[in-house]
Engineer: 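Have a look at this one before I ask anything.
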Amino acid sequence: MSKQFSLPYEGGLDEETLSGGILHNYEKIWTDIYPEAHPASEAVADIIAAGINKCKGRLFRLGLTTGVTPAALYEELAQRYQNGKISFRNVEIVSIDEYYPAAGDEMQSRNHRLHEALLDRVDILPENVHIPDGTISPDKVSDYCSQFDKLARGLDLLIVGIGEDGQVGFNEAGSNETTRTRTVRLSYSSRKRQSRNFNHDLAVTPQSAITMGIGTMLTADHIILMAWGEDKAKAVKAIAEGEISTACPASLLQRHNHIRFFVDATAGSLLTRVVAPWLVGPCNWTPKLRRKAVVWLCQTVNKPILKLTDQDYLENSLSELLEKYGPFDKINIEVFNDLQHTITGWPGGKPNADDSTRPVPASPFPKTILIFSPHPDDDVISMGGTFIRMVSQGHNVHVAYETSGDVAVHDDVVLQHLDAAKQLGFADHFDEVKAIVDSKIPGEPEPRKLLDIKAAIRRSEARAAVRSFGLDDNTNAHFLNLPFYESGGIKKKPCTQVDIDIIKDLILRLKPQMIFMAGDLADPHGTHRVCTEAALSAVEQLKADGEKWLSATHIWLYRGAWMEWELGRVDMAVPLSPDEVVKKRHAIFRHLSQKDIVPFPGEDPREFWQRAEERTQNTAHLYDKLGMAEYQAIEVFLKLC
């Protein structure tokens with residue numbers, strides 16, 4: 001329902017002039033980069049369908065993975081079956097892993113998830129489905145794995161999603177190319193990742209699993225790897241371009257003679273042909289790509305922009321840039337000025353000033369500015385300094401918290417708040433709510449009454465945060481509570497027109513001149529992407545409805561606590577003073593339920609305020625290294641339109 005979100009094209013390889021061998025020269029596994037996961041999944045579905053249709057007189061043996069990665073692929077295959085374009089009657093399915101122990105009917109089991117996502121939606125025969133049995137007794141599981149391994153060898157096609165650290169199945173670091181189907185002990189980090197499927201409760205997350213070995217995978221005739229999102233980018237680079245290493249198990253699949261990697265643009269963002277396309281072949285030299293190349297060169301030779309020499313360009317494969325836009329000193333000055341003009345102390349525009357080189361126009365002033373925050377703390381974590389600056393400079397700033405963030409409140413925090421109310425004599429519901437907490441079933445949605453309390457806690461924290469720097473929390477803080485989020489668990493509902501209409505209503509009421517949105521393409525649970533796509537859909541629909549004033553409204557993208565924009569993309573950089581850094585930190589501190597014991601912090605052990613400060617200080621350091629002024633911290637933004 002919502003508009004598919006992708007970053008604007010900012011130059012790169014002129015692929016039409018390149019042969020495949022040159023384009024994939026740095027890759028040890030041929031990698032296809034698609035704009036989004038959906039078209040990539042369609043391409044993989046085409047390969048599966050072709051294999052099934054060509055297989056005559058016997059079963060087509062297909063190995064499948066589970067998890068988030070293949071979700072779009074399974075949806076595509078199910079739709080093709082429903083439309084009569086494919087049949088699974090002559091297909092044998094072998095799944096690559098299962099928790100151990102785990103019953104097949106448990107909601108979190110691989111068995112259940114594979115049936116729910118695909119098998120129960122197509123015409124495959126039950127006797128042709130083989131999923132590791134997580135109920136085999138410990139004294140028999142070794143023999144069982146040996147028998148399963150024989151069954152799993154020699155697949156026609158194996159489809160595998162890769163993990164953040166290059167895992168395939170439950171083959172973790174240390175697995176080698178001789179491994180077979182076996183039981184494995186899950187590492188703490190893997191269990192923490194898998195706990196997403198168990199309401200982030202490590203106590204009930206399995207400690208072991210049954211997995212197809214890498215040696216078994218290598219016996220397949222054809223292997224397809226898949227990866228979507230920024231959180232897979234480092235692993236994709238290591239697998240596709242790195243050395244074979246047991247520290248990155250999927251890299252061992254480089255030994256296969258018929259393997260292909262399908263990734264979306266964000267998962268492939270660290271590949272050489274994306275990071276430094278000039279090393280591969282001729283480029284489409286947009287202004288952003290020229291800036292990107294110069295920043296890369298500065299970091300490669302460890303020099304500021306204005307000290308780069310002709311020899312620096314020539315020795316680092318940038319002769320084409322010199323030929324088209326040189327000489328070198330001209331490029332240096334143009335890029336220096338371009339980057340310098342991204343810096344502004346007036347993120348809402350400086351009144352009565354020459355704005356010809358400023359990222360934001362001077363008028364109108366003051367502006368109505370709308371900040372969309374996917375969760376009730378993303379606003380201050382991601383762009384708190386800029387938020388504070390715009391409020392202090394007199395703009396009419398509004399913040400819209402798109403989701404309640406209720407599932408991200410620990411049960412102990414709820415009980416602590418209720419105990420405080422009880423001690424103050426306001427109300428005594430402690431025992432009642434404690435009973436609700438105790439009645440929770442792992443894997444099941446949380447009780448609505450408990451979620452309502454958690455949502456109220458998140459709202460009170462958000463209101464306190466914006467009050468801390470002078471925003472009126474009664475008139476300028478909006479809690480949209482988008483319905484897609486309210487599933488009671490980590491897996492959310494589909495985003496629908498109902499969600500989009502809520503956003504449209506707010507935009508129509510405010511008529512903002514500037515809109516800020518989350519530009520994250522990979523946060524731990526995908527909420528940022530869904531919220532931004534819903535907001536973009538709202539804007540597009542309003543334009544289609546004849547709201548012409550929106551043509552003058554500019555959309556700016558910020559990053560969350562996980563990633564930062566690379567300097568080649570930046571359109572606006574807002575320096576923060578030491579005092580503003582402290583004010584931002586104090587605003588983040590108001591989100592007490594997310595401090596220290598936040599249930600879903602991702603892999604980064606730092607608290608949100610630490611991530612935010614280190615990120616913005618690092619950005620300031622990068623500007624300084626390029627020859628710009630030295631600042632305490634800098635928040636950066638990309639202009640979408």
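Just so you know, these numbers use all the heavy atoms, side chains as well, and skip hydrogens, waters and symmetry mates.
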Engineer: Using the salt bridge (charged side-chain N to carboxylate O under 4.0 Å, His left out) rule, pick out the option among Lys237, Arg529, Arg559 that qualifies with Glu230.
Structural biologist: Arg559

Engineer: Do Arg273 and Tyr26 form a cation-pi contact, if we require the NZ or CZ to be under 6.0 Å from the six-membered ring centre and within 45 degrees of the ring's axis?
Structural biologist: no

Engineer: Do the side chain of Asp149 and the main chain of Thr181 share a donor and acceptor less than 3.5 angstrom apart?
Structural biologist: yes

Engineer: State whether Glu241 and Lys28 are salt-bridged, where the test is any N-O pair (Lys NZ or Arg NE/NH1/NH2 against Asp/Glu carboxylate O) under 4.0 Å.
Structural biologist: no

Engineer: Run the salt-bridge test on Arg121 and Glu116 with the 4.0 Å N-O cut-off and return the result as yes or no.
Structural biologist: no

Engineer: Just checking, any donor-acceptor pair under 3.5 angstrom between side chains of Thr211 and Asp97?
Structural biologist: no

Engineer: Go through the side-chain N and O atoms of His591 and Asp377 and say whether any donor and acceptor fall under 3.5 Å apart.
Structural biologist: no

Engineer: Will you find, in the side chains of Gln610 and Glu614, an N or O donor that is under 3.5 Å from an N or O acceptor?
Structural biologist: no

Engineer: Using a strict 4.0 Å threshold on nitrogen-to-oxygen distance, state whether Asp46 and Arg80 make a salt bridge.
Structural biologist: yes

Engineer: Please determine, by modelled atom types, if Ser190 and Ser187 share a side-chain donor-acceptor pair under 3.5 angstrom.
Structural biologist: yes

Engineer: Using a 4.5 Å cut-off on heavy atoms from C-beta on, say whether the side chain of Tyr558 contacts that of Val636.
Structural biologist: no

Engineer: With side chains defined as the heavy atoms from C-beta onward, is the minimum distance between Val168 and Ile214 less than 4.5 Å?
Structural biologist: yes

Engineer: So, does Asp378 use its side chain to make a donor-acceptor pair with the main chain of His375 at under 3.5 Å?
Structural biologist: yes

Engineer: Could you check whether Glu98 pairs with Arg110 (Lys NZ or Arg NE/NH1/NH2 to Asp/Glu carboxylate O, under 4.0 Å)?
Structural biologist: no

Engineer: Does the pair Lys454/Glu446 count as a salt bridge with the N-to-O cut at 4.0 Å?
Structural biologist: yes

Engineer: Are Lys492 and Tyr485 in a cation-pi contact, defined as NZ or CZ under 6.0 Å from the six-membered ring centre and within 45° of the axis?
Structural biologist: yes

Engineer: Would you kindly say whether His112 and Glu106 are connected by a side-chain donor-acceptor distance under 3.5 Å?
Structural biologist: no

Engineer: Can His38 and Glu42 be said to form a side-chain hydrogen bond (donor to acceptor under 3.5 Å, both in side chains), step by step?
Structural biologist: CA-CA 6 Å; His38 183 69; Glu42 288 181 329; 3.2 Å; yes

Engineer: Would you check if Val295 and Leu626 make a side-chain contact, meaning some heavy-atom pair closer than 4.5 Å?
Structural biologist: yes

Engineer: Is any side-chain heavy atom of Ile210 closer than 4.5 Å to one of Phe148?
Structural biologist: no

Engineer: How close do Tyr99 and Arg113 get, counting heavy atoms only, and between which atoms?
Structural biologist: OH-NH1, 4.4 Å

Engineer: Flag the pair Trp228 / Ser41 as yes when at least one side-chain heavy-atom distance between them is below 4.5 Å, and no otherwise.
Structural biologist: yes

Engineer: Could Arg260 and Asp32 be called an ion pair, given the rule that one side-chain N must be under 4.0 Å from one carboxylate O?
Structural biologist: yes

Engineer: Regarding Thr246 and Asn176, is there a side-chain donor-to-acceptor distance under 3.5 Å anywhere?
Structural biologist: no

Engineer: Can you tell whether the side chains of Asp264 and Lys232 come within less than 4.0 Å, N to carboxylate O?
Structural biologist: no

Engineer: Are Ile224 and Val160 side-chain neighbours, meaning at least one heavy-atom pair lies under 4.5 Å?
Structural biologist: no

Engineer: Scan side-chain atoms only and decide if Arg61 and Asn128 contain a donor-acceptor pair under the 3.5 Å cut-off.
Structural biologist: no

Engineer: Are Lys234 and Ile239 close enough that some pair of their side-chain heavy atoms sits under 4.5 Å apart?
Structural biologist: no

Engineer: Assess whether a salt bridge exists between Glu613 and Arg585, defined as any Lys/Arg side-chain N lying under 4.0 Å from an Asp/Glu carboxylate O.
Structural biologist: yes

